[in-house]
2 protein chains.
Amino acid sequence: MVKNTNKHIKSIPRMFEQVTQQIIDHIDSTPLEPGQKLPTERQLSELLQVSRSSVREGIKVLELLRFLDSKQGEGTFVASSPPYMIPSRVINKTIPMPELEHYFEVALMCAKTIILSFLKSEEPLPDQQERDSFWENFYQVVSSFGKRLPNPYFHSLWEESYQLLTANQYFERKQQPFEWSELDTAIQKRDLQKIFYLLDLVGISGS
Amino acid sequence: MVKNTNKHIKSIPRMFEQVTQQIIDHIDSTPLEPGQKLPTERQLSELLQVSRSSVREGIKVLELLRFLDSKQGEGTFVASSPPYMIPSRVINKTIPMPELEHYFEVALMCAKTIILSFLKSEEPLPDQQERDSFWENFYQVVSSFGKRLPNPYFHSLWEESYQLLTANQYFERKQQPFEWSELDTAIQKRDLQKIFYLLDLVGISGS
DNA sequence: GTCGATTTGTTCGTATGTATC
DNA sequence: TGATACATACGAACAAATCGA
């Protein structure tokens with residue numbers, strides 16, 4: 001268990017965050033299938049060398065994410081219902097590729113909705129700073145549009161999935177589907193048809 | 001809070017679930033604005049008549065949802081960053097209308113993606129049972145399509161937002177935008193253009 | 001149907017690390 | 001530097017639910 005004494009590292013990893021990851025790791029490495037039973041809280045607390053209280057805080061979080069399911073008098077089980085998208089701050093471990101692709105599809109769905117909604121609103125386009133890579137430009141535009149929408153959840157979902165993808169170096173391995181300037185000029189012209197043609201290309205493009 | 005058990009009994013809501021709701025209630029009723037400080041864990045435990053451990057489990061959950069932000073040595077604050085979509089099992093309180101509309105927009109975004117993805121996959125259409133209302137039919141179709149997609153998150157997001165909307169009687173107040181048979185036959189014919197024309201109508205229709 | 005073992009749910013006391021003044 | 005306020009973490013104890021003998 002790493003204690004962070006360094007001050008200029010911003011977030012001190014807290015016990016329950018570490019525990020959450022370690023529980024996920026344990027499920028993956030055992031491996032435990034949906035429906036199977038986890039070690040008891042006391043066993044986990046011994047296994048991970050933390051108190052039972054901390055184990056419980058970690059389990060609570062994973063329970064909320066529909067990852068686990070606890071039943072008094074029985075135990076804690078790996079859930080079989082479809083899980084939430086796991087927030088990036090919960091897991092630091094690298095996510096394997098097919099799973100990352102799922103997050104990318106969600107991000108892209110949000111991006112389409114955000115761009116369409118913003119252009120429909122007829123608000124003036126916010127100024128953009130030209131970035132190095134296609135994906136950085138893409139992120140910046142979607143993000144700045146998303147912030148300005150009345151519905152905050154599109155932006156929230158977009159940020160969450162994008163953060164998780166970059167944390168896993170997804171975009172370093174992903175080819176850019178076309179030159180950024182193509183999408184940029186289409187947006188400037190508010191050419192919805194061209195934009196959606198290009199965004200479909202983004203979804204198809206390989207890695 | 002009724003849980004899905006095979007015993008047809010109402011499960012006792014657990015402390016941390018009650019605590020999360022009560023903390024939200026407290027923030028609303030005080031009211032506390034983003035950035036403001038919550039009572040300390042000890043005060044909350046006294047206020048809500050539960051132990052500090054239970055308060056902590058509740059705070060952990062709300063922190064994960066970006067609803068709160070705890071800093072050691074300082075306190076716990078109402079977050080200002082855009083929140084996660086709050087899972088329906090966390091809050092039982094009724095959500096006001098403009099907020100519900102946001103959830104509906106997310107649900108609709110997922111529905112569009114799910115229907116489009118499924119029809120593109122060229123899988124045979126699953127059998128549907130005709131339901132009473134437009135929205136029940138709509139839910140059933142999107143849900144059965146969503147379950148069959150390789151990406152589980154579209155379905156997860158759809159279910160979550162739909163559950164929250166029904167829990168708040170959203171659809172009892174919402175007009176149906178057109179006859180269900182219209183959308184049904186368009187799906188049977190896999191007429192994507194007609195489908196998306198209709199789904200846009202769903203988004204525009206008033207309540 | 002009862003008893004006992006097991007497991008999660010809940011509480012409390014205590015100690016420690018950290019930020020503010 | 002010291003004092004105070006606060007979150008963080010631990011461990012022991014007991015309550016409640018479940019299951020099998």
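Below, read A as the first sequence line, B as the second, and so on, with proteins coming before strands; counting in each chain starts at 1.
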Integer-rounded Å distance: dT8(D) P and R52(B) CZ: 13 Å

Distance-only donor-acceptor test, S53(B) side-chain atoms vs dC12(C) base atoms, 3.5 Å: yes

Listed pairs under 3.5 Å, donor-acceptor, residues 114-124 of chain A side chains, sequence neighbours left out:
unit_1  : atom_1 : unit_2  : atom_2 : d
S117(A) : OG     : T113(A) : O      : 2.7
S121(A) : OG     : F118(A) : O      : 2.6
S121(A) : OG     : E123(A) : N      : 3.4

Name the pairs: protein N/O against N/O of nucleotides 3-7 of chain C, kept only if under 3.5 Å.
unit_1 : atom_1 : unit_2 : atom_2 : d
dT7(C) : O2     : G73(A) : N      : 3.3

Residues that R52(A) engages under salt bridge (Lys or Arg N to Asp or Glu O under 4.0 Å), provided they are two or more places apart: E41(A)

Atom pair distance, as rounded to whole Å: CD1 in I59(A) and C1' in dG9(C): 12 Å

Integer-rounded Å distance: dA9(D) P and L44(A) CG: 17 Å

Nucleotide dG9(C), atom C1' - distance to CD of Q49(B) in whole Å: 18 Å

Whole-Å distance separating the CD atom of E57(A) from the P atom of dT8(C): 16 Å

Side chains of H155(B) and L149(B) in contact at under 4.5 Å (non-hydrogen atoms): no

For atom CG of L48(A) and atom C1' of dC10(D), their distance in whole Å: 15 Å

Test ring pair (Phe, Tyr, Trp, His ring centres under 6.0 Å) applied to F77(B) - qualifying residues, sequence neighbours left out: none

Phosphate OP1/OP2 of dT11(C) contacted by S54(B) side-chain N/O (<4.0 Å): yes

Residues which pass side-chain contact (heavy atoms from CB on, under 4.5 Å) with A186(B), listed by chain and number, not counting sequence neighbours: K194(B), I195(B), L198(B)

Sequence-distant partners of F138(A), ring pair (Phe, Tyr, Trp, His ring centres under 6.0 Å), two or more places apart: W158(A)

Phosphate OP1/OP2 of dT8(C) contacted by R56(A) side-chain N/O (<4.0 Å): no

